[in-house]
2 protein chains.
Amino acid sequence: MAYSPPQRDEQAMRSFVENMARLLADWGFPRMAGRVVFTLMAADEQALTAAELAERLGVSPAGISGAIRYLVHLNMVAREPVPGSRRDRYRMVDDSWYEVTVAKMSLLKTISDAADQGVAAAGGENTPAGAKLAGMRDFYAWVQDNMPALLAQWAAHKSRLHHPPPA
Amino acid sequence: MAYSPPQRDEQAMRSFVENMARLLADWGFPRMAGRVVFTLMAADEQALTAAELAERLGVSPAGISGAIRYLVHLNMVAREPVPGSRRDRYRMVDDSWYEVTVAKMSLLKTISDAADQGVAAAGGENTPAGAKLAGMRDFYAWVQDNMPALLAQWAAHKSRLHHPPPA
DNA sequence: CACTCATTTCACAAGTTTGTGAAAGTACGA
DNA sequence: TCGTACTTTCACAAACTTGTGAAATGAGTG
């Protein structure tokens with residue numbers, strides 16, 4: 001049996017990109033933005049031009065343009081002007097997964113705040129409706145408050161992997 | 001200045017329900033299901049019939065039916081047959097917010113697994129693309145692994161409020 | 001100064017989601 | 001067994017999303 005080195009499987013990559021785009025769509029991402037993100041993630045190059053993205057995905061440059069605008073706005077993708085060329089190149093922002101996740105978590109705060117307005121509308125926590133809504137509010141407020149500590153642990157965990165403590 | 005007791009504000013409640021339904025829609029809930037959930041949460045009664053839901057929301061009974069089916073399937077709402085009547089009543093399942101949030105978090109595992117497939121398609125962690133995808137996979141796997149502990153803390157926190165330890 | 005080519009903008013077509021009205025289904029009460 | 005009242009199912013209409021082609025924009029280059 002011959003040794004077979006790890007090798008890039010373009011076809012698997014295509015369906016991977018498509019799968020991920022669908023998952024991200026559940027998180028509220030526009031479909032095309034998801035595709036662009038994972039084409040960048042899946043590229044061995046560190047940055048790609050809009051034309052390269054369009055070609056690899058087999059979609060029109062128009063779609064890429066809109067997706068890029070969205071992603072740059074979210075600070076997930078950085079635009080890198082190439083000196084001496086009209087092509088810009090685009091690359092994933094470092095730690096953007098971390099950031100996006102944190103941002104998504106902040107939705108919990110929004111929910112908690114909205115629930116609090118419901119408590120007020122219900123006439124306070126002593127009404128049956130108010131009590132139910134207050135329970136919901138407290139849960140999400142608590143999760144939101146404790147999430148930063150969890151993510152800080154991740155940062156610690158990661159740096160421990162890179163800089164193991166002396167035995 | 002006269003004392004004014006807390007009082008239910010129906011108009012504020014209506015916009016609260018609509019707001020929340022929109023927020024839940026971002027989490028992938030069908031719009032109508034969100035409305036039903038918050039109409040139940042906002043009710044001083046513990047359970048409502050389909051007809052009551054339709055009337056309070058000013059929507060057709062048909063819409064309620066579909067939403068209820070969805071919510072019962074998700075185990076967020078329980079169907080309570082009323083003896084001696086053909087009306088069923090529907091109530092929120094206790095702790096369903098907690099459960100729904102846990103379920104949503106399991107999406108992180110899905111993402112992590114998908115990322116791992118991307119690593120394979122890229123030809124392993126030693127390729128540039130594979131390394132990027134592996135970083136993403138590890139982050140979501142870690143968050144997923146540590147989430148249960150966080151939510152367990154909530155359970156502890158809540159029971160502490162209800163049964164304060166002796167001084 | 002005009003030419004070239006990557007990118008962006010715009011209007012539209014195709015596909016999907018969402019809520020309704022009408023009709024069928026179901027179980028109680030007389 | 002029939003009538004009544006609630007609920008569910010179904011097919012469709014309206015609204016929204018998404019991606020495309022074609023034209024406009026803008027930055028280098030001869």
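FYI, side chains are in, hydrogens and waters are out, and symmetry mates aren't considered; it's all heavy atoms of this structure. Per chain, numbering begins at 1; letters A, B, ... match sequence-line order.
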Asks: dT8(C), dT9(C), dT7(C): which one has an atom nearest the side-chain heavy atoms of Arg69(A)?
Replies: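 Minimum distance to the Arg69(A) side chain belongs to dT9(C).
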
Asks: Quickly work out the Leu71(A) CG to dT8(C) C1' distance and round it to whole Å.
Replies: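 These atoms are roughly 16 Å apart.
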
Asks: What residue pairs, at least two apart or across chains, pass ring pair (Phe, Tyr, Trp, His ring centres under 6.0 Å) with a residue in residues 107-139 of chain B?
Replies: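 Applying ring pair (Phe, Tyr, Trp, His ring centres under 6.0 Å) to every pair that reaches into residues 107-139 of chain B, excluding sequence neighbours, yields Tyr98(A)-Phe139(B), Trp154(A)-Phe139(B).
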
Asks: Without decimals, in angstroms, what is the distance between Ile68(A) CD1 and dA6(C) P?
Replies: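 Ile68(A) atom CD1 is separated from dA6(C) atom P by 16 Å.
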
Asks: The criterion is side-chain hydrogen bond (donor to acceptor under 3.5 Å, both in side chains); which residues satisfy it with Glu45(B), sequence neighbours excluded?
Replies: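 Here the qualifying residues are Arg56(B).
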
Asks: The side chain of Ala50(B) is closest to which nucleotide in this list: dT9(C), dT8(C), dT7(D)?
Replies: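 For Ala50(B), the side-chain atoms sit closest to dT7(D).
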
Asks: With a cut-off of less than 4.0 Å, is there a side-chain N or O of Arg79(B) near OP1 or OP2 of dT8(D)?
Replies: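 Checking Arg79(B) against dT8(D): at least one side-chain N or O falls below 4.0 Å of OP1 or OP2.
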
Asks: Among dT7(D), dT20(C), dT7(C), which nucleotide has an atom closest to any side-chain atom of Ala51(B)?
Replies: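 Nearest listed nucleotide: dT7(D).
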
Asks: Atom CD of Glu55(B) to atom C1' of dC6(D): distance rounded to whole Å?
Replies: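 Atom-to-atom, Glu55(B) to dC6(D), this comes out as 14 Å.
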
Asks: Between dG21(C), dA22(D), dT7(C), spot the one nearest the side chain of Ser60(B), thanks.
Replies: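 Among dG21(C), dA22(D), dT7(C), the one nearest the side chain of Ser60(B) is dG21(C).
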
Asks: Please give, in whole Å, the distance from dT8(C) C1' to Tyr90(A) OH?
Replies: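 Distance, rounded to whole Å: 10 Å.
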
Asks: Tell me what Arg35(A) touches on the nucleic acid: a base, only sugar-phosphate, or nothing, going by heavy atoms under 4.0 Å.
Replies: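 Sugar-phosphate contact only.
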
Asks: Could you check which of dT20(C), dT9(D), dG19(D) has an atom nearest any side-chain atom of Met32(A)?
Replies: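 In terms of side-chain proximity for Met32(A), the closest of dT20(C), dT9(D), dG19(D) is dG19(D).
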
Asks: Would you say that Trp142(B) contacts Gln153(A) through its side chain, given a criterion of any heavy-atom pair below 4.5 Å between the two side chains?
Replies: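 Counting from C-beta outward, Trp142(B) and Gln153(A) do come under 4.5 Å.
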
Asks: Quick check for you: among dT7(D), dG21(D), dC10(D), whose closest atom lies nearest to any side-chain atom of Ala62(B)?
Replies: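 The listed nucleotide nearest to Ala62(B)'s side chain is dC10(D).
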
Asks: From CZ of Arg87(A) over to P of dA27(D), roughly how many Å is that when rounded to an integer?
Replies: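 In whole Å, dA27(D) P and Arg87(A) CZ are 17 Å from each other.
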
Asks: With a 4.5 Å limit on heavy-atom distance, are the side chains of Phe29(A) and Leu23(A) in contact?
Replies: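 Phe29(A) vs Leu23(A): side chains apart.
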
Asks: Does a donor on one side chain sit under 3.5 Å from an acceptor on the other, for Tyr140(A) and Thr110(A)?
Replies: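 There is no such pair (donor and acceptor under 3.5 Å, judged by atom type) between the side chains of Tyr140(A) and Thr110(A).
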
Asks: Quick one: Ile64(A) CD1 to dT18(D) C1', roughly how many Å, whole number?
Replies: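 Between C1' of dT18(D) and CD1 of Ile64(A): 13 Å.
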
Asks: Output the single nucleotide from dG19(C), dT20(D), dT9(D) whose closest atom is nearest the side chain of Ser65(B).
Replies: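 Nucleotide nearest to Ser65(B)'s side chain: dT9(D).
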
